[in-house]
Amino acid sequence: TGRFEAAHSGTIFLDEINSTSLILQVKLLRVLQEREFERVGDTTTITVNTRVIAASNRDLTQEVLAERFREDLYWRLNVVPIQIPPLRQRTEDIPDLVVHFLNHYSEANNRYVVHIEPAAIALMQAYHWPGNVRELQNYVERAVVMAEGDELTVELLPDVLHQESKASKPTVVTGVDLDTLTREVVQQGVRAAEAE
């Protein structure tokens with residue numbers, strides 16, 4: 001039984017738990033409550049002693065209210081909740097994450113990309129990261145694969161980062177007085193209102 005317990009104990013990581021079907025949620029709830037399950041096509045009941053760490057990219061309380069996530073499973077999983085803000089709210093973490101992913105993907109791809117151009121970090125910290133850490137991870141992997149040298153440079157980053165950077169720069173108008181500029185803005189507003 002020692003081998004059996006070792007094989008069926010430990011920690012299970014469930015990523016994007018909110019994406020599981022309601023049928024799978026019922027099965028998971030049963031395993032968590034009863035600490036046992038049967039394999040498909042088997043009649044032997046297997047006892048488990050596990051800790052579950054579940055992650056969600058959505059607010060599970062809202063998913064419960066929308067009836068897309070079982071409330072009983074939510075309360076079974078919600079023992080020690082940890083809220084991690086999205087990457088766009090913690091851009092100070094980007095340099096450390098980039099170093100981590102660089103090391104990982106350099107080793108996985110037998111590459112030696114160990115330096116980071118400061119402008120590349122600045123560009124990444126200015127981006128809004130709708131895909132969160134996974135998007136950053138993807139871009140670093142891409143850079144490692146495409147790098148010809150040992151440095152992650154601005155040129156290795158996808159166009160979407162460059163486009164957002166250009167869009168966020170303020171437009172500077174020179175050679176026009178404030179009255180002329182005000183009249184033009186008002187006229188554009190009137191034209192836009194008439195077009196509706």
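A donor-acceptor contact shorter than 3.5 Å links the side chain of N132 to the backbone of L87. Of the possible donor and acceptor atoms, none in the side chain of R76 sits under 3.5 Å from a partner among the backbone N and O of L29. A distance-only check finds no donor-acceptor pair linking the side chain of N109 to the backbone of R111 [under 3.5 Å]. Proximity of a side-chain donor or acceptor of W129 to a complementary backbone N or O of T91 within less than 3.5 Å is not detected. For Q25 (side chain) and T20 (main-chain N/O), a donor-acceptor pair under 3.5 Å exists by modelled atom type.
Ring geometry for Y105 against F101 counts as tilted: the plane angle lies between 30° and 60°, on a 0 to 90° scale.
Using a 4.5 Å cut-off between side-chain heavy atoms of Ile, Leu, Val, Met, Phe, Trp and Tyr, with links allowed through other members, I12 and Y74 fall into the same hydrophobic cluster. Under the 4.5 Å side-chain heavy-atom criterion for Ile, Leu, Val, Met, Phe, Trp and Tyr, I121 and V160 are members of the same hydrophobic cluster. Follow the hydrophobic side-chain contacts under 4.5 Å out from W75 and you reach V52 in the same cluster.
Annotation for E67: atom CD does not count as buried by contact number, only 12 or fewer foreign heavy atoms lying within 6.0 Å. Residue I84 qualifies as open at atom CD1: its count of foreign heavy atoms under 6.0 Å is 12 or below. Remark: E16 CD is packed, more than 12 non-hydrogen atoms of other residues, nucleotides or ligands lying under 6.0 Å away. No more than 12 heavy-atom neighbours from other residues, nucleotides or ligands sit within 6.0 angstrom of CD on E148.
Atom-to-atom distance recorded for I17:CD1 and L14:CG is 4.5 Å, nearest 0.5 angstrom. A distance of 16.0 Å separates OG1 in T45 from CZ in R35, rounded to the nearest 0.5 Å. Interatomic distance, L73 CG to K27 NZ, rounded to the nearest 0.5 Å: 14.0 Å. Separating the OH atom in Y139 from the CE atom in M146 is a distance of 12.5 Å, to the nearest 0.5 Å.
The closest side-chain heavy-atom distance from L161 to M124 is below 4.5 Å. Within the 4.5 Å cutoff, side-chain heavy atoms of L77 are placed close to those of L32. Considering only heavy atoms from C-beta on, L152 stays 4.5 Å or farther from V144 through its side chain. In this structure the side chain of E36 never reaches within 4.5 angstrom of the side chain of V48, judged on heavy atoms. Counting heavy atoms from C-beta on, the side chains of L157 and Y127 never come closer than 4.5 Å. V26 has its side chain within reach of R70: a pair of non-hydrogen atoms, C-beta onward, lies under 4.5 Å apart. In this structure, the side chains of V99 and I116 come closer than 4.5 Å at one or more pairs of heavy atoms. Contact of the T11 side chain with the T50 side chain is not registered, since no non-hydrogen atoms from C-beta on lie closer than 4.5 Å.
Shown here for Y112 and S106, the closest heavy-atom pair between the two residues is C-OG, 4.4 Å. For the pair E117 and V154, the tightest heavy-atom approach, listed with the atom from each and the gap, is OE1-N, 2.7 Å. A147 and L156 get closest at one heavy-atom pair: CB-CD1, 3.7 Å. The minimum heavy-atom distance between P95 and E92, with the atom names listed, is CD-O, 3.4 Å. Here the closest heavy-atom approach between residue H162 and residue P158 is recorded as CD2-O, 3.2 Å.
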Practice problem: Show your working on side-chain contact (heavy atoms from CB on, under 4.5 Å) between L102 and V114 and close with a plain yes or no. | Solution: CA-CA 7 Å; L102 266 183; V114 293; over 6 Å; no
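Side chains of E155 and T153: a donor-acceptor N/O pair is present below 3.5 angstrom, by distance only.
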Under 3.5 Å, side-chain donor or acceptor atoms of residues 54-65 against the rest of the protein: list the pairs with distances, not counting sequence neighbours.
| unit_1 | atom_1 | unit_2 | atom_2 | d |
| --- | --- | --- | --- | --- |
| S56 | OG | N18 | OD1 | 2.9 |
| S56 | OG | R58 | N | 3.1 |
| S56 | OG | R58 | O | 2.7 |
| N57 | OD1 | N18 | ND2 | 3.0 |
| D59 | OD1 | T61 | N | 3.0 |
| D59 | OD1 | T61 | OG1 | 2.5 |
| D59 | OD2 | T61 | OG1 | 3.3 |
| E63 | OE1 | R68 | NE | 3.0 |
| E63 | OE2 | R68 | NH2 | 3.0 |

